[in-house]
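Here is the structure we will look at, set down as structure tokens.
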Amino acid sequence: MMFQTNQVYPIIWHNDSVSLIDQTRLPNEYAFVEISRSEDMAVAIKTMIVRGAPAIGVAAAYGIYLGAREIDTDNRDEFLQDLENVAQMLRSTRPTAVNLFWAISRMMKVAYETIGTVDEIKKALFQTAQAINAEDLQTCQDIGDNGLKALPTQPGQLTLLTHCNAGALATAGYGTALGVVRSAWREGRLARLFADETRPRLQGAKLTAWECVQEGIPVTVITDSMAAHCMKQGLIHAVVVGADRIAANGDTANKIGTYSLALVSKAHNIPFFVAAPLSTVDFDLADGSQIPIEERHPGEIYQIGDTILTPEGVEFYNPAFDVTPAELITAIITENGVFAPSELKQQEARKAA
């Protein structure tokens, strides 16, 4: 049985500006934000109007081009110096997502290596941003199809569990972890997706569930603390999550709560997959202890909407990510294939190419 999937594209170049789905308003409001300045793109990334490591990379690439477009000089050296300032502004928005730095580095390399006028550099930057966008969409589709082959063969229809949102909204489209879910649904291999609500920002309850509803994919939202119980009840056949940065040894930073999910998966002998493009692997980091962990505003913990959840006088700790050790990961699903964490190092030369 084949299932039709409808696409969600969170980042679109349209009418000389970037249209972003405002993910802070979902699921109650489906709205777009038009971005025509690099400074506004930095704000959109920092405030999570656009979020998810691959999507952040695409947005940053367009942000570099928007910044280039704003620079009013024909002097190449002055232009490149001003562009460095734009790049630094964008780099400072989200410290954990390595795709942000990868995309900015690629754009700046094009700026320095393009021979010709400033206008020709700007044209090359625009073409590169569009290429990064298109490549990410293809990458996600390849990740989805490679992941489908890695999933357990029994039962015929699987119940999968995911955490946070690693879907179309977190990428150029289709998604990484949700790309695997989409491919399984398309081929009739998915019975149901369980989505952790993902405290404190509730990306699972708000975003993953929204994406599934758009496509008619059966989805059940559970609180983060229910995963172990569901596994013990035999409700989960495999776990698929995304990643914001992967160290060379396979240690993986993802949304806070992923590490505990990997631990309970191991305890119940359930395969635990990480789905991410090779651009998410930071081969400069030997292991996960070197991955910077972003801490976010405590308001994400103590407040939902206008409702204050905690008494005055308490303190808060709000790391946005945790690191799952490689030994808890069954395999890492990439656009180039599915690898044990220990096999990642062999892909370094391929990524560099």
Side-chain angles (χ1 to χ4, degrees), residues 51-58 60 91 94-106 132 135-136 139-140 142-144 146-147 150 162-167 170-172 174-181 198 203 238-263 265-266 271-294 319-353:
R51 35 123 334 260
I56 288 171
V58 174
R91 287 189 195 103
R94 300 291 304 276
T96 303
V98 74
N99 305 64
L100 171 74
F101 304 96
W102 170 84
I104 292 170
S105 294
R106 178 169 165 183
I132 289 172
E135 289 164 14
D136 186 69
T139 290
C140 287
D142 292 342
I143 287 171
N146 287 336
T162 193
H163 187 73
C164 194
N165 172 263
T171 62
Y174 205 72
T176 53
L178 273 193
V180 177
V181 171
T198 319
Q203 295 98 323
V239 177
V240 188
V241 300
D244 283 78
R245 190 180 297 212
I246 302 173
N249 72 335
D251 291 352
T252 296
N254 192 49
K255 189 55 56 186
I256 192 76
T258 303
Y259 177 28
S260 55
L261 192 58
L263 287 168
S265 297
K266 188 80 166 179
F272 185 91
F273 297 102
V274 171
L278 278 174
S279 59
T280 303
V281 183
D282 189 344
F283 289 105
D284 292 333
L285 300 187
D287 58 55
S289 68
Q290 299 173 308
I291 298 175
I293 300 299
E294 174 186 359
F321 304 93
D322 56 25
V323 176
T324 299
E327 59 266 23
L328 296 177
I329 298 170
T330 305
I332 297 173
I333 302 164
T334 76
E335 68 271 32
N336 285 354
V338 181
F339 307 101
S342 61
E343 297 172 331
L344 267 187
K345 198 70 177 164
Q346 302 166 20
Q347 296 301 308
E348 183 171 10
R350 196 164 184 174
K351 179 185 175 184

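Predicted model, so just to flag it, every value in this text is computed and none were measured.
Residues meeting the side-chain hydrogen bond (donor to acceptor under 3.5 Å, both in side chains) test with Asn99, sequence neighbours left out: Ser279, Thr280.
Summarising the geometry of Thr198 relative to Cys164, their closest heavy-atom pair is OG1-N, 2.7 Å, with the distance given to 0.1 Å. Shown here for Ala331 and Val338, the closest heavy-atom pair between the two residues is CB-CG1, 3.5 Å. Here the closest non-hydrogen pair linking Ala262 and Thr324 is CB-CG2, 3.5 Å. In plain terms, the two heavy atoms of Gly167 and Leu178 that are nearest each other are CA-CB, 3.4 Å. Ala243 and Ala53 make their closest contact through O-CB, 3.8 Å (heavy atoms, listed as atom of the first residue, atom of the second, distance).
No side-chain donor-acceptor contact under 3.5 Å links Thr96 to the backbone of Arg94. Listed for the Thr162 side chain is a donor-acceptor partner under 3.5 Å among the backbone atoms of Val240.
Among residue pairs with one or both ends in residues 240-255, those qualifying as salt bridge (Lys or Arg N to Asp or Glu O under 4.0 Å) are Arg245-Asp282; sequence neighbours excluded.
We find the CZ-CZ distance between Phe101 and Arg91 to be 8.0 Å, quoted to the nearest 0.5 Å.
Counting only N and O atoms by type, the side chains of Asn336 and Thr334 include no donor and acceptor under 3.5 Å apart.
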Residues Val323, Ile293; criterion side-chain contact (heavy atoms from CB on, under 4.5 Å); working and verdict = CA-CA 9 Å; Val323 176; Ile293 300 299; 4.0 Å; yes

side-chain contact (heavy atoms from CB on, under 4.5 Å) evaluation trace for Ile143 with Tyr174 = CA-CA 10 Å; Ile143 287 171; Tyr174 205 72; over 6 Å; no

